[in-house]
Each structure stands twice: as C-alpha cells, then as structure tokens.
There are 2 protein chains.
Amino acid sequence: MSAALLPRKRRKEDRPNELLEAALDLFVEKGFAATRLEDIATRAGVSKGTLYLYFAGKEALFKAVIQDGLIPALAELEALLAGHEGSAFDLIRALVERWWSMVGETRYSGIPKLMIAEARNFPEVAHFYYENVVRRGRKVFAAALERGMARGEFRALEVGACVDVLIAPMLMLVVWRHSLAHCCLAEQEPRAYLEMYLEMLRGGLAAPGL
Amino acid sequence: MSAALLPRKRRKEDRPNELLEAALDLFVEKGFAATRLEDIATRAGVSKGTLYLYFAGKEALFKAVIQDGLIPALAELEALLAGHEGSAFDLIRALVERWWSMVGETRYSGIPKLMIAEARNFPEVAHFYYENVVRRGRKVFAAALERGMARGEFRALEVGACVDVLIAPMLMLVVWRHSLAHCCLAEQEPRAYLEMYLEMLRGGLAAPGL
DNA sequence: TAGGTTGCTGACCGTTCGGTCATTAACCGC
DNA sequence: GCGGTTAATGACCGAACGGTCAGCAACCTA
C-alpha cells in the first residue's frame, strides 16, 4: 500500500484520528469480527504494529469508535432544543435536519448499524451507547413532543412509545444506506424520504382541532 | 453437551431444521463471523462433522437461514391483501398484526437484524433477500396505500417514499429487540408500541376532509 | 554531522476455527 | 442374530488472524 513508495512519516498527532476513521469505515462495512486489524492499519496508511502504539487492541478500537462518534452531535441537538422558539413542529423539523447534516450524511451514520450489529457481543459498550446516545436523543425528542402537547399543537399521546415510533424512520434511513442499499438499486432519495417522513409526522401528531 | 450421556440417534429427517434453527439463533445473537460452527452443531445436539452431511459449509448455512426464513410469512401477507374487504386502514392493521404474529414474536424476527448486519459481506444473499422479501413486502403495503388513496380514505402521497416510512417502525421494533434491548432495561411493550404506531399512522395518512 | 530519542515497521508466534476423513455404531432386512 | 448400509463422530490439518518485539529510520539538537 504505502509500501516502499511513500517514505515513513512521523505524525504522532494525527494517527489516532486516522485510525479511528479507518476503523469506523471497516467495522461498519464488514462488522467487528470480520474486520482485520491489518486492513484498518493499511487504510490508515500505517503498519499493524503502529496501531498498538495508540490503542490497546481491537476491542479498545471498537470502544473508541462508538464512544467518540455521536457525542458531539447530541450536544448540538440539546443546544438546538434549548435555544428554539416557535412551533414544536418546527423544532422537530430543525432537529431532524441538524441530525441529518451532522450524522446522516457523514461517516458517523454508520454507527447505529454497527451498534445494532454488535450490541450483544459488547454489552458494556452497548450500555454506554444506550446511556449517552439513545437516552439523550430520546430525551430531546420527548421534550419537543411535550412542548407541542403543552401548546395544544399536538394531541395527547403517551410520550415514551411516541418517541420510539418517531425516531424509527430516521434510524432506518441510515441503517438502510449502510446495509442493503449497497447491493440493490438505489432506493430512496434521502431528502425526499425525510420530507415524506416529516409530512406524515405532521398529520400523525396534529391535534384534531387544527 | 449431548456427550456420552445421550446415545447417538439417527434422525436424518429432523437434522436440517434443527441445524437451521440453531444457526439462526446464533447468527442473530453473535453475527456470522463470530459464530462458531461447533456451537451451532452443539446447540442442535449434533457434532461438527454431522453439520457437513447436511450443508456444504458455513456460508451455505447462512444462505439457507435467510432464504427459508421469511418467505412463508410473505405469502401470508399477500394472501391477506388479496382477500381483504373493508377500509384500507383496517387492511394495514391486519397486515401489521399478521406480520407480528408470524415474524415479530417468533425467532424469525432476528432475520432483519442479521441481514442488515451481513448484507455487505454477502451481496448475492442480500440480493435474494431484497428481491424476495423486501420488494414483495413493499409491494403489499404499497397496494394497501394505493387502495386507501383510491377510496379517498388516505390523502395523495408519493407511494414509494411513503411505504419506506411506513415500514420503518415495524423493522426497528424487531431490530431493537435483538440488539440493544438485550443490554438495557426493558423498553417498549411491543403491543403498546404497535398501537401507538398505528395510531400515528392513522393521523399521518388520513385525508384532510375526514 | 554525530548522537540520541522515539515513532514506526514487519517478521514472527500461538491460538482459534472452518473444513476433512477414517472410524464407529445405530438401524434394517433377512 | 448377522451383515450391510449409512448417519454420526471427533481427532486432525492448514490457514488466518490478533498480538508481540527487536530492530530501523525519521527527526531533533547541538
């Protein structure tokens, strides 16, 4: 790969991020067990031994990939919630769009698929992900729903189950794009899908009077 | 396991199904690469060598698991569609409930998670699954939507994207139950989730006049 | 440019696992 | 029972892969 052609370079600062990006891409594509450390190293432009200078081993890489990935995006969504004024539905639209630009159309969109596939093999990592991504994300959307119900904009629904139904289409969109979409003809245009999703949501949540 | 205690038995007829069930359970739990053939054999009450009397190898087992699993359920849904009379929303409710009883609450509910995780490692199998499960399933729900629009019961929406949004919560329900739900406190009661889903769908699809 | 520090390398090791096959023993017809 | 057929076994093999480490070379400082 970078074999004899490129000369060795010493770039201690950049290696960890490059390794994490390579690891994320390959874990998402092939799964944890089917990904070889040597492939990760090669993709990061480095040899296998170097990987061990920065990470304790394969499992440590996996943990870092999951734990670093989506936390910044969640902080953004929380900030958006805190700063929003206007209708609750506009808030939901803004949240969905911010999520799409920060996660959906970036390489981080692979993390949900990866976590789904590996949760039962890494219960501790799954637990971290649940507490720090799933719970926080649910809380943001639950707050938006409650705001809409309080304003009389949405009808009264049990918030817990409603949040789960609400976020499912967003998750399936990214999961799909990292799995079957790679083998079959192009399916959805993501923007059209999201518009349809928001449109159906508007009707599904609207209070009867409106 | 069945070691020295149980005597050998010759049960040529039953072995393939027992092996397929064991393989499905373990593939769903651990993923394809992390599942050992010996574990599958042991769970099926058989030795590793026996497995090779019935399947050519690990990949053949995987193919069989995917290809046998959901086809009968799809035929059922198609029959339901063909035989239904009444409102389109009742048809959708009936489809969702039949799907839940034939897939959602059985071991076959693991297949979507498995296929999502492994699609990119087995493009041919993914293609089979797409053609024979995804497409057929989409077609059934698309027909239900079109019927509702023709009756003036649903508003006019672009059917393709609408189907994708429509089925996403059903898929996420089963995917969730086979991944993160195993590591975290119990989340949804499936029946309540499905009721909420149908309720939101009713509003999301309803024609404005109604 | 000489010497020292350290980021980087890749050959090597041990284990694990998919796959094979000679052997064993359950069943059946006579 | 007895022999023949074949389902079932598990010890074995080779390849692949995670992980190690002794040596190398890029960079720095004087």
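Labels below follow one simple rule: chain letters A, B, ... track the order of the sequence lines, proteins then strands, and each chain is numbered from 1.
Ring geometry, A:Phe32 versus A:Phe122: the interplanar angle exceeds 60°, so the pair is classed perpendicular (tilted spans 30 to 60°).
Take the nearest nucleotide of DNA chain C for A:Arg15 and for B:Ala56: the residue whose nucleotide is more 5' is A:Arg15. In this structure, A:Gly49 and A:Ala34 both approach DNA chain D, and ranking their closest nucleotides by distance from the 5' end singles out A:Ala34.
What separates CD1 of A:Ile40 from C1' of D:dG19 is a distance of 14 Å, to the nearest Å. A:Leu51 places its CG atom 14 Å from the C1' atom of C:dG7, with the value rounded to the nearest Å. In this structure, CG of B:Asp39 is placed 12 Å from C1' of C:dT16, rounded to the nearest angstrom. Per the geometry, CD belonging to A:Glu59 stands 16 Å off C1' belonging to D:dC17, to the nearest Å. Separating the CZ atom of A:Arg11 from the P atom of C:dT6 is a distance of 20 Å, rounded to the nearest angstrom. Distance A:Leu53 CG to C:dT5 C1': 14 Å, rounded to the nearest Å. With rounding to whole Å, A:Leu37 atom CG is found 6 Å from D:dG19 atom P. Atoms NZ (B:Lys12) and P (D:dT5) sit 16 Å apart, rounded to a whole Å.
OP1 and OP2 of D:dA8 both lie 4.0 Å or more from every side-chain N or O belonging to B:Ser47. Not one side-chain nitrogen or oxygen of A:Arg8 sits closer than 4.0 Å to the OP1 or OP2 atom of D:dC27. Contact annotation: A:Tyr54 reaches the phosphate of C:dC8 (side-chain N/O to OP1 or OP2, under 4.0 Å). At C:dG10, none of the side-chain N or O atoms of A:Lys48 fall inside 4.0 Å of OP1 or OP2 (strictly under the cut-off). Contact between the side-chain N/O atoms of B:Thr50 and the OP1/OP2 oxygens of D:dT9 is found at a separation under 4.0 Å.
Residue-level contact check: A:Phe55 touches neither bases nor backbone, having no heavy atom under 4.0 Å from any strand. If you check every strand for non-hydrogen atoms under 4.0 Å, B:Lys9 touches sugar and phosphate atoms only. Among the atoms of the strands shown, only primed sugar atoms or phosphate atoms (P, OP1, OP2) are found under 4.0 Å from some heavy atom of B:Arg36.
Rounding to the nearest 0.5 angstrom, the gap separating the CZ atom in B:Arg43 from the CG atom in B:Asp39 is 8.5 Å. One finds the CD1 atom of A:Ile167 at 8.0 Å from the OH atom of A:Tyr197 (value rounded to the nearest 0.5 Å). Here the CG-NE2 distance, from B:Asn121 to A:His182, works out to 11.5 Å after rounding to the nearest 0.5 Å.
Nearest heavy-atom pair, B:Lys9 versus B:Arg15, reported as atom, atom and distance to 0.1 Å: O-NH2, 2.9 Å.
Candidate nucleotides D:dG19, C:dA26, C:dG7 were compared by shortest atom distance to the side chain of A:Arg10, and C:dG7 ranks first.
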